[in-house]
Amino acid sequence: MERKVRVRFAPSPTGPLHIGGVRTALYNYLFARQMGGTMILRIEDTDSNRFVPGAEDYINEALAWLGIGIDEGVREGGEYGPYKQSERRDIYRHYVQQLLDAGRAYYAFDTPEELDAKRAEIKNFQYDASTRMQMRNSLSMPADEVKRLIDEGHKYVVRIKIEPDRDVTVNDLIRGEVTINSSVLDDKVLYKSADDLPTYHLANIVDDHLMEVSHVIRGEEWLPSAPLHVLLYEAFGWADTMPQWVHLPLLLKPDGKGKLSKRDGDRLGFPVFPLEWHDPASGDLSSGYREGGYLPEAVVNFLALLGWNPGDDREIMSMDELIRDFSFEHCSKKGAKFDYEKGKWFNHEYLSAMDDAKLAGLFKPQLAEHEVNADDYSDEFIARAVGMVKTRINFVKDLWANCGFFFKAPEAYAEKDVKKRWKPGTDDIMRQLVGVLDGIDDFSSANAEAIVLGWIKDNEMHMGNVMNAFRLTVVGECKGPHMFDITELLGKEETIKRIERGIANIQPIDA
RNA sequence: GGUGAUAUCGUCUCGCGGUCUAGGACGCCGCCCUCUCACGGCGGAAACCAGGGUUCGAGUCCCUGUUUCACUACCA
């Protein structure tokens with residue numbers, strides 16, 4: 001039963017790829033890579049009513065950003081194409097006919113209105129063995145009547161004929177055997193009259209079979225229809241090559257109940273999409289992780305651990321580690337509430353560990369936004385500046401607020417800190433400090449610190465007051481990295497200039 | 001309503017019959033470090049859904065109930 005591993009991620013281009021979908025794609029990818037298998041991207045656009053322009057490009061861009069590589073797909077090509085379902089109409093028509101000929105499916109002529117009426121009339125109406133003979137279909141009507149309706153061009157759908165009272169078992173790699181009785185299944189529509197395309201159920205099974213998919217890894221919302229899919233494999237005579245089923249737990253709302261939705265992001269103030277999305281119809285803008293200052297590695301790591309764990313205490317894991325250690329055995333069976341705070345922490349960890357030079361590259365656009373010419377500074381200067389503050393941020397975009405002072409002298413001084421640290425007479429002390437600093441030849445952090453601290457001590461001044469006033473003039477507020485690391489990078493000239501500016505501009509505030 | 005899945009700190013979770021006075025992480029609180037804000041270090045509060053079994057022994061196995069989630073379209 002050894003089969004080459006081939007998995008597919010099969011989204012519908014009905015909007016931006018949801019973060020839950022991203023996780024499904026990720027798990028498919030991790031498994032494929034671990035097994036040396038193939039990752040397929042199939043576009044399931046069989047609902048012509050819900051097609052959204054740009055959605056397919058969005059899917060490609062999002063997966064690329066996250067480093068989820070695709071081996072076969074619309075753009076990548078492959079031996080099993082086309083990889084877009086709307087281009088496979090003839091294939092589906094052929095297989096629907098096969099089911100019809102074998103008596104495993106039938107024509108149904110009931111209009112949507114008739115079905116609605118029936119549902120209104122009978123409480124829990126289900127189109128199945130117990131009711132199908134009361135409906136208008138090729139099972140309940142004479143053959144010549146059926147032929148006449150079709151010849152006259154009447155609209156019809158094709159429904160699967162479910163045999164009642166049979167136990168159907170779905171073997172799921174994370175849930176074990178799930179058995180249901182076929183009587184609770186309805187005769188699902190396989191082929192729609194509305195747009196002359198198959199429904200998900202039919203297209204999915206045909207494509208997975210033709211594309212030789214070995215493992216179907218998808219969201220738990222598909223578990224209830226999995227028995228139908230098993231029955232379809234049987235009806236086609238493909239039971240012996242049916243893929244392994246894997247139904248992943250869902251991503252749930254952080255608060256309240258239900259699965260995570262687009263609205264939760266707007267409501268709770270965090271992105272639920274990998275990339276920013278401009279809705280072409282409504283004009284609405286939805287925020288994305290990329291634009292929010294997240295690192296793709298952090299998003300991948302965070303998502304991977306939401307519903308899976310390595311079996312030990314590790315949390316920070318690279319894509320390679322995830323590929324090596326991923327297993328369905330350690331997938332949770334329970335839906336995971338989306339914990340945005342934890343996501344922030346992952347990003348913080350990746351930012352803290354990032355190479356200074358690389359982080360400097362991500363920071364440069366912010367310099368431009370604040371009218372600072374990056375070319376005025378060496379790459380080393382910028383790298384040292386971001387390196388000093390990278391452990392105190394959660395997002396790339398937090399960088400300017402934390403190290404912008406290296407590039408722009410303060411234009412205002414935090415009132416709260418002025419009130420506390422700038423008293424009458426402080427200006428005199430700062431003037432003396434200028435003299436002390438001016439006399440230092442080796443302006444390195446350690447040396448300048450020794451001299452200044454020595455001066456403070458010798459004159460029996462208050463360390464906190466002097467240092468914070470000093471900081472106020474250089475940074476503009478009482479926060480930031482080690483004071484003398486700052487002055488070392490800024491240099492003697494700039495440091496003194498800022499102190500003098502502070503002396504000229506800061507006035508004590510009466511409490 | 002029906003069917004299925006599910007069940008450990010607020011959240012993500014390790015646990016696969018004794019080593020559990022239940023461990024880790026996020027968040028929260030306190031202490032330390034300290035010129036500030038952070039980072040970091042240390043510590044704290046915080047959980048086995050309920051009831052029955054099985055067993056010498058159950059967070060771990062079984063049953064029932066309950067909970068939560070999903071599905072129940074000519075959407076995926």
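Chain naming here is simple, since letters A, B, ... match the order of the sequence lines and numbering starts at 1 in each. Values reported hereafter were calculated over all heavy atoms of this structure, with side chains retained and with hydrogens, waters and symmetry mates removed.
Proximity note for A:Lys334 (side chain, C-beta onward) versus B:A7, B:A70, B:G23: the nearest is B:A7. Side-chain proximity of A:Ser193 to the nucleotides B:C74, B:C12, B:A76 is greatest for B:C74. Relative to the side chain of A:Leu223, the nucleotides B:C26, B:A5, B:C75 differ in distance, and B:A5 lies closest. If you check B:A76, B:A70, B:G24 against the side chain of A:Lys259, the one that comes closest is B:A70. Distance from the side chain of A:Ala194 is smallest for B:C74 among the nucleotides B:C74, B:U6, B:A76. With distances taken from any side-chain atom of A:Arg175 to the nucleotides B:U36, B:C75, B:A5, the minimum falls on B:A5. The side chain of A:Val189 sits closest to B:C74 out of B:G1, B:C74, B:A76. Between B:U6, B:A70, B:C39, one nucleotide has an atom nearer to the side chain of A:Pro224 than all others, and that is B:A70. Listed candidates were B:C74, B:U13, B:A76. Nearest to the side chain of A:Pro112 is B:C74. Distance from the side chain of A:Arg159 is smallest to B:C74 among B:C74, B:U36, B:U13.
Taking side-chain N and O atoms only, A:Lys390 has no distance below 4.0 Å to OP1 or OP2 of B:A38. Contact annotation: A:Thr46 reaches the phosphate of B:A76 (side-chain N/O to OP1 or OP2, under 4.0 Å). Distances shown here put a side-chain N or O of A:His330 below 4.0 Å from the OP1 or OP2 atom of B:G15. Between A:Lys333 and B:U13 there is no side-chain polar atom (N or O) within less than 4.0 angstrom of OP1 or OP2.
When the C1' atom of B:A76 is taken as reference, atom CD of A:Glu220 falls 16 Å away, rounded to whole Å. At whole-Å resolution of the value, OH in A:Tyr350 and P in B:C39 are 19 Å apart. Here the P atom of nucleotide B:A5 and the CG atom of A:Leu173 are 16 Å apart, to the nearest Å. The nearest whole Å value for the distance from the NZ atom in A:Lys118 to the P atom in B:A73 is 16 Å. Remark: P of B:U72 and OH of A:Tyr200 are 12 Å apart, rounded to the nearest angstrom. When rounded to the nearest whole Å, the span between CG of A:Leu251 and C1' of B:A5 equals 17 Å. Between A:Leu252 atom CG and B:C69 atom P the separation is 7 Å, expressed in whole Å. For the pair A:Leu202 CG and B:C74 P, the computed distance is 14 Å after rounding to whole Å.
The pair A:Glu315-A:Lys342 meets the salt-bridge criterion, since a charged nitrogen lies less than 4.0 angstrom from a carboxylate oxygen.
Both A:Val178 and A:Thr111 lie close to RNA chain B; mapped to their nearest nucleotides by heavy-atom distance, the more 5′-ward contact belongs to A:Val178. Nearest-nucleotide positions on RNA chain B for A:Pro198 and A:Asn468 put A:Asn468 closer to the 5' end.
Taking atom C1' on both B:U34 and B:G40, the two are 12 Å apart, rounded to the nearest angstrom. Taking atom P on both B:A25 and B:G43, the two are 11 Å apart, rounded to the nearest angstrom. Across B:G18 and B:A58, the matching P atoms stand 12 Å from one another, rounded to whole Å. Taking atom C1' on both nucleotides, B:U6 is separated from B:A50 by 16 Å, rounded to a whole Å. Only the C1' atoms considered, B:A5 is 34 Å distant from B:A45, to the nearest whole Å. For B:G27 and B:C39, the P atoms lie 9 Å apart once the distance is rounded to whole Å. Nucleotides B:C32 and B:A46, compared at atom P, are 23 Å apart to the nearest Å. Nucleotides B:C29 and B:U67 have their P atoms positioned 35 Å apart, rounded to a whole Å.
Side-chain N or O atoms of A:Asn347 include one that pairs as donor or acceptor with a backbone N or O of A:Leu295 at under 3.5 Å.
Across all strands shown, the partner of B:C61 is B:G53, judged by Watson-Crick or G-U wobble contacts whose two distances both fall under 3.5 Å. Of the nucleotides present, B:G30 is the one that pairs with B:C42 by Watson-Crick or G-U wobble criteria, both distances under 3.5 Å. The pairing partner recorded for B:C75 is none, the criterion being a Watson-Crick or G-U wobble arrangement whose two distances lie under 3.5 angstrom.
Counting any heavy atom pair closer than 4.0 Å across all strands shown, A:Met463 reaches sugar-phosphate atoms only and no base atom. Across all strands shown, A:Gly480 has heavy atoms under 4.0 Å from base atoms, whether or not it also approaches the sugar-phosphate. Within 4.0 Å of A:Val157, counting heavy atoms only, lies at least one base atom of the nucleic acid. Across all strands, A:Ser332 comes closer than 4.0 Å only to sugar-phosphate atoms, never to a base (heavy-atom distances). A:Asp128 comes within 4.0 angstrom of nothing in the nucleic acid, heavy atoms only. Residue A:Arg119 is in sugar-phosphate contact alone, with no base atom involved, counting any heavy-atom pair closer than 4.0 Å across all strands shown. Within the 4.0 angstrom heavy-atom criterion, only backbone atoms of the sugar-phosphate kind lie near A:Gly307; the bases stay farther away. When heavy atoms are screened at a 4.0 angstrom cut-off, A:Asn309 is found touching the sugar-phosphate backbone but no base atom. Contacts of A:Pro11 with the nucleic acid, taken as non-hydrogen atoms under 4.0 Å apart, are absent.
Ring planes of A:Phe338 and A:Phe302: perpendicular class, angle over 60° (limits at 30 and 60°). Between A:His247 and A:Trp245, the angle of the ring planes stays under 30°, which puts this pair in the parallel group of the 30/60° scheme.
Ring centroid separation for the pair A:Phe395 and A:Tyr294 comes in under the 6.0 Å cut-off. For A:Phe407 and A:Phe363, the ring centers sit closer than 6.0 Å to each other.
With hydrogens and angles ignored, a donor-acceptor pair closer than 3.5 Å exists between the side chain of A:Lys342 and the base of B:A25. Between the base of B:C35 and the side chain of A:His482 there is a donor-acceptor pair shorter than 3.5 Å.
Remark: A:Arg159 is positioned above the aromatic ring of A:Tyr127, its terminal NZ or CZ atom under 6.0 angstrom from the ring centre and at most 45 degrees off the axis. Figure legend: A:Arg23 and A:Tyr27 shown as a cation-pi pair, the cationic atom lying under 6.0 angstrom from the six-membered ring centre and within 45 degrees of its axis.
Residues passing the side-chain contact (heavy atoms from CB on, under 4.5 Å) test with A:Glu56, sequence neighbours excluded: A:Ile43, A:Asn60, A:Val74, A:Lys84.
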